[in-house]
2 protein chains.
Amino acid sequence: MRILLVEDEPKVASFIKKGLEEQSYEVEQAYDGNFGLKMAMQNEYDLIILDIILPHMNGLEVCQAIRKKKSQVPILMLTALGSTDDKITGLDAGADDYLPKPFEFKELLARLRALTRRSGDNGGGEKLSIADLEMDMGSKTVTRGGKPINLTAREFALLHYLLRNRGRVVSRVDITENVWETSFDTGSNVIDVYINFLRKKIDKGFPGKLIHTLVGMGYVLKEDDA
Amino acid sequence: MRILLVEDEPKVASFIKKGLEEQSYEVEQAYDGNFGLKMAMQNEYDLIILDIILPHMNGLEVCQAIRKKKSQVPILMLTALGSTDDKITGLDAGADDYLPKPFEFKELLARLRALTRRSGDNGGGEKLSIADLEMDMGSKTVTRGGKPINLTAREFALLHYLLRNRGRVVSRVDITENVWETSFDTGSNVIDVYINFLRKKIDKGFPGKLIHTLVGMGYVLKEDDA
DNA sequence: ACTGGAATATGAGAATACTGCTGGTAGAAG
DNA sequence: CTTCTACCAGCAGTATTCTCATATTCCAGT
């Protein structure tokens with residue numbers, strides 16, 4: 001879990017950093033707005049903690065700049081200003097939460113957990129399932145109806161993505177970007193082929209298909225409707 | 001934007017409801033935990049505002065129950081308790097934000113915007129509806145009166161466009177540009193044909209037509225006037 | 001009302017796009 | 001060297017999209 005901490009007061013910064021590292025978060029720091037924005041643009045973070053009062057470029061501007069880039073990183077705004085109006089400005093600038101100083105460290109942690117829950121930290125022994133299909137992220141194993149299923153890395157990644165979006169239709173573009181991580185359209189049919197692999201391993205021989213095709217739209221992982 | 005408000009004090013409830021409706025949010029109410037949970041399960045909301053102190057089942061329990069169902073609706077916890085520990089419990093129970101009473105209404109609005117922005121911009125669980133017709137963008141499914149309706153990609157796109165502009169007349173040119181994405185007039189009648197397809201699927205066999213023709217102008221999706 | 005021309009609705013089938021699948025290649029892993 | 005994985009090419013079957021020809025409806029101007 002990588003966190004970007006943008007805070008100019010060295011004392012506060014190192015306090016937060018230490019505390020977060022104790023919880024085994026990976027923390028990178030920036031000491032002013034400009035630099036913070038640059039780091040946010042160049043790297044991928046799971047969360048950004050942003051002080052409002054910063055040299056060069058204030059937190060609100062940084063926040064807006066990040067959002068303009070369509071980035072969806074959760075942003076936690078941090079500041080000494082406690083009045084309602086400031087909070088509102090912060091939240092409207094695109095922040096996801098707001099924490100007034102002084103705060104208790106455990107509250108920071110709690111809000112952090114709330115913000116990152118969604119982005120799906122798959123570090124720990126997370127388990128995903130649908131119907132009688134189970135995927136264990138920890139041991140990278142998949143079973144259906146108790147039977148273990150052997151998947152290659154790609155197959156696993158694809159199934160993982162489908163599982164994370166179960167019930168939602170995912171287009172080929174979605175899959176390309178999230179599983180193959182190339183935004184370029186190679187004009188190939190790899191995805192079809194892999195869907196076919198998965199079908200053979202997951203659906204074939206089991207009652208109730210899980211992988212469904214929506215022609216012209218994409219694929220869904222869902223239980224057959226009753 | 002549909003909001004579920006779970007709050008037992010009538011005064012507070014109606015205060016919030018009124019305020020939200022002024023901002024043209026659609027608000028539904030529940031007066032205790034049990035009922036709130038039931039409503040949350042049976043309907044789709046864009047956001048849930050949950051008081052912690054409730055009769056029958058407190059807000060924390062409701063929150064956990066909702067999360068257990070894998071539902072990702074943003075939840076805003078509301079309470080008189082202001083101490084840090086209570087906030088933490090709330091956030092860890094699966095809430096996305098926490099607002100201590102008394103609060104200023106505009107702060108509630110700001111937090112609301114922050115919470116709904118996220119679910120809105122991932123294009124995901126968006127839902128559109130008119131009368132008893134519902135469209136779920138996530139699973140690309142359409143139902144009328146609860147009955148599932150199968151649409152092809154093109155039909156879905158057309159209905160989506162009509163739904164986004166429900167109540168407004170859209171011309172053939174509008175449709176060509178927005179659904180077919182060609183600004184060129186091919187001189188064909190594809191649109192008529194597809195309107196006809198849609199009619200067969202969503203109007204035929206149901207009481208009350210939704211698709212209306214305005215000769216010389218275009219089409220509208222609207223409920224029959226009483 | 002009546003009517004003729006324009007606009008829209010509808011049915012059938014051709015044209016097209018999409019998907020499932022097989023077989024094969026290159027390269028990595030063992 | 002053999003096996004396994006990732007990927008590509010291409011065909012066949014099928015669902016979808018579109019065209020066209022033919023009703024039907026609409027509406028101004030009698």
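Convention: sequence-line order gives letters A, B, ...; per-chain numbering from 1. Just so you know, these numbers use all the heavy atoms, side chains as well, and skip hydrogens, waters and symmetry mates.
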It should be established whether [X] places a side-chain nitrogen or oxygen under 4.0 Å from OP1 or OP2 of nucleotide [N].
{"X": "Ser188(A)", "N": "dC7(D)", "result": "no"}
{"X": "Arg154(B)", "N": "dA15(D)", "result": "no"}
{"X": "Trp180(B)", "N": "dT17(D)", "result": "no"}
{"X": "Thr152(B)", "N": "dT17(D)", "result": "yes"}
{"X": "Asn196(A)", "N": "dG20(C)", "result": "no"}
{"X": "Arg172(A)", "N": "dT19(C)", "result": "yes"}
{"X": "Thr213(B)", "N": "dA9(C)", "result": "yes"}
{"X": "Lys200(B)", "N": "dG11(C)", "result": "yes"}

Can you measure [X] atom [atom1] to [N] atom [atom2] for me and round it to whole angstrom units?
{"X": "His212(B)", "N": "dT8(C)", "atom1": "NE2", "atom2": "P", "value": "16 Å"}
{"X": "Phe197(A)", "N": "dA6(D)", "atom1": "CZ", "atom2": "C1'", "value": "8 Å"}
{"X": "Asn189(B)", "N": "dA23(D)", "atom1": "CG", "atom2": "C1'", "value": "13 Å"}
{"X": "Lys204(B)", "N": "dA9(C)", "atom1": "NZ", "atom2": "P", "value": "13 Å"}
{"X": "Phe156(A)", "N": "dA6(D)", "atom1": "CZ", "atom2": "P", "value": "13 Å"}
{"X": "Leu198(A)", "N": "dT19(C)", "atom1": "CG", "atom2": "C1'", "value": "16 Å"}
{"X": "Ile175(A)", "N": "dT19(C)", "atom1": "CD1", "atom2": "P", "value": "10 Å"}
{"X": "Lys209(A)", "N": "dG20(C)", "atom1": "NZ", "atom2": "P", "value": "13 Å"}

query: So what does Tyr219(B) touch, heavy atoms closer than 4.0 Å: a base, only the sugar-phosphate, or nothing?
result: sugar-phosphate
message: Do the side chains of Asp203(A) and Lys209(A) get close enough for a salt bridge, i.e. N-O under 4.0 angstrom?
response: no
task: Answer yes when Asp46(B) and Arg2(B) have at least one side-chain N-carboxylate O distance shorter than 4.0 Å, and no when they do not.
output: no
message: Can you say whether a donor on the side chain of Asp192(B) sits under 3.5 Å from an acceptor on the base of dT19(D), or the other way round?
response: no
query: Do Tyr31(A) and Asp8(A) meet the criterion of a side-chain donor-acceptor pair at a distance under 3.5 Å?
result: no
- request: Using distance alone, with no hydrogens and no angle criterion, decide if Arg199(B) and Thr213(B) have a side-chain donor and acceptor under 3.5 Å apart.
  value: yes
- request: Select one nucleotide: of dA6(D), dT16(D), dA9(C), the one nearest the side-chain heavy atoms of Val215(A).
  value: dT16(D)
message: Atom CZ of residue position Phe35(A) - does it have more than 12 heavy atoms of other residues, nucleotides or ligands inside 6.0 Å?
response: no
